[in-house]
Amino acid sequence: FQGTVLGFIGTIVGLIVSVFFWVSLLVGGILHLNYDHFRLPVSQIGAIGTNSEFFMALCIWFSGTAILTAAVGLFRTCRKYHFSFIPTLPVFVLGLSFCMLSFAPMGHPQHAIIGSIGLLFLLSPILSLIFWKKYLGETAFWISIISLLICLLLFLRFVPIFKIRTRTK
């Protein structure tokens, strides 16, 4: 996608939304008052009844909208240059999941289902390696591999040895 305006804009939107999301998690954790970033799930920051519920709903909705915008730009770039659009589908699903999660925070009956759908995003680096292999340069190939490995770090929270224990009073 080098040299395309849509690809460039999508990259910029993707970087901005990533930074915005992480900053919103930090600010939301402060607003929450009782949140521990090492011990509690991210969803707890915006859980129903918390001080940070409304703030996180807005941030998650904005993030989802920006992700959807980037996904549409990526999809249009793929169509324009006759690349497979299949690797863009998990990005679109993630944006949709974020938008829906803004209306179904932790404590809502549909939260777990909607949040699980967003995990399909983990397929995006794999699909890009499969469907865009002939278009990826060596740098993009390694970025896809590194992205996949970073995404897989999410699952370390389920491995007992990696669970961080905190002292309680």
Side-chain angles (χ1 to χ4, degrees), residues 1 4-80 83-128 143-144 146-158 164:
F1 303 118
T4 67
V5 174
L6 289 175
F8 177 75
I9 292 171
T11 301
I12 296 301
V13 169
L15 290 173
I16 290 171
V17 75
S18 297
V19 171
F20 176 81
F21 177 72
W22 288 107
V23 169
S24 69
L25 291 181
L26 294 174
V27 172
I30 293 167
L31 292 174
H32 186 280
L33 301 178
N34 293 321
Y35 184 74
D36 181 351
H37 287 281
F38 295 108
R39 193 172 53 85
L40 298 172
V42 171
S43 294
Q44 182 65 43
I45 298 174
I48 294 174
T50 60
N51 294 334
S52 52
E53 178 185 358
F54 183 71
F55 171 78
M56 286 307 296
L58 286 175
C59 291
I60 294 298
W61 182 84
F62 174 79
S63 296
T65 304
I67 292 168
L68 284 172
T69 302
V72 168
L74 186 55
F75 176 82
R76 290 179 63 196
T77 301
C78 288
R79 298 290 293 193
K80 180 177 179 179
F83 295 162
S84 173
F85 64 88
I86 292 174
T88 69
L89 295 178
V91 179
F92 182 79
V93 169
L94 179 69
L96 210 56
S97 175
F98 268 47
C99 288
M100 293 187 315
L101 281 172
S102 69
F103 297 103
M106 188 176 205
H108 186 281
Q110 300 302 317
H111 177 80
I113 294 168
I114 296 168
S116 297
I117 292 168
L119 291 176
L120 289 174
F121 176 71
L122 297 173
L123 295 175
S124 193
I126 297 168
L127 293 173
S128 68
I143 288 173
S144 291
I146 292 168
S147 296
L148 175 61
L149 293 175
I150 290 171
C151 289
L152 291 176
L153 288 174
L154 167 75
F155 293 104
L156 286 180
R157 74 179 295 213
F158 300 112
I164 297 174

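Hydrogens, waters and symmetry mates are skipped; everything else that's a heavy atom, side chains included, is used. Treat the numbers as computed from the prediction; the structure is a model and nothing was measured.
Residues that satisfy the ring pair (Phe, Tyr, Trp, His ring centres under 6.0 Å) test with F85, not counting sequence neighbours, are F75. Taking H32 as the reference, nothing meets the side chain to side chain donor-acceptor pair (under 3.5 Å) condition, with sequence neighbours excluded. Among residues two or more places apart in sequence or in another chain, the side-chain contact (heavy atoms from CB on, under 4.5 Å) test is passed with M100 by I114. Residues satisfying the side-chain contact (heavy atoms from CB on, under 4.5 Å) test with I126, not counting sequence neighbours, are I130, L148.
Here the straight-line distance linking atom CG of N51 with atom CD1 of I45 works out to 12.5 Å at 0.5 Å rounding. Remark: F103 CZ to H108 NE2 distance equals 11.0 Å, nearest 0.5 Å. In this structure, OG on S43 lies 9.0 Å from CE on M56, to the nearest 0.5 angstrom. One distance of note links CD1 of I86 with SG of C78; it measures 10.0 Å at 0.5 Å rounding. Once rounded to the nearest 0.5 Å, the distance linking OG1 of T77 with CZ of F83 reads 9.0 Å.
When side chains are defined from C-beta on, M106 does not count as touching I48, because their heavy atoms never get closer than 4.5 Å.
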Please tabulate, one pair per line, all N/O donor-acceptor pairs under 3.5 Å involving side-chain atoms of residues 17-30, not counting sequence neighbours.
{"unit_1": "S18", "atom_1": "OG", "unit_2": "G14", "atom_2": "O", "d": "2.8"}
{"unit_1": "S24", "atom_1": "OG", "unit_2": "F20", "atom_2": "O", "d": "3.3"}
{"unit_1": "S24", "atom_1": "OG", "unit_2": "F21", "atom_2": "O", "d": "2.7"}

Output a table of donor-acceptor pairs, distance under 3.5 Å, between side-chain atoms of residues 116-124 and any protein atom two or more places apart or on a different chain; print 'none' if there are none.
{"unit_1": "S116", "atom_1": "OG", "unit_2": "A112", "atom_2": "O", "d": "2.8"}
{"unit_1": "S124", "atom_1": "OG", "unit_2": "P87", "atom_2": "O", "d": "3.0"}

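When all heavy atoms are compared, the tightest approach of L68 to C99 is CD1-SG, 3.9 Å. For the pair H111 and L101, the tightest heavy-atom approach, listed with the atom from each and the gap, is ND1-CD2, 3.4 Å.
Every pair tested for side-chain hydrogen bond (donor to acceptor under 3.5 Å, both in side chains) that includes a residue from residues 84-107 fails, sequence neighbours excluded, so the list is empty. Contacts classified as side-chain hydrogen bond (donor to acceptor under 3.5 Å, both in side chains) and involving residues 53-75 (residues at least two apart or in different chains) are not found.
Annotation: Y35, atom OH; neighbour count of heavy atoms from other residues, nucleotides and ligands within 6.0 Å is above 12.
Each of V72, V91, V93 was evaluated against I67; a single residue qualifies, V91, per the side chain to side chain contact (heavy atoms under 4.5 Å, CB included) test.
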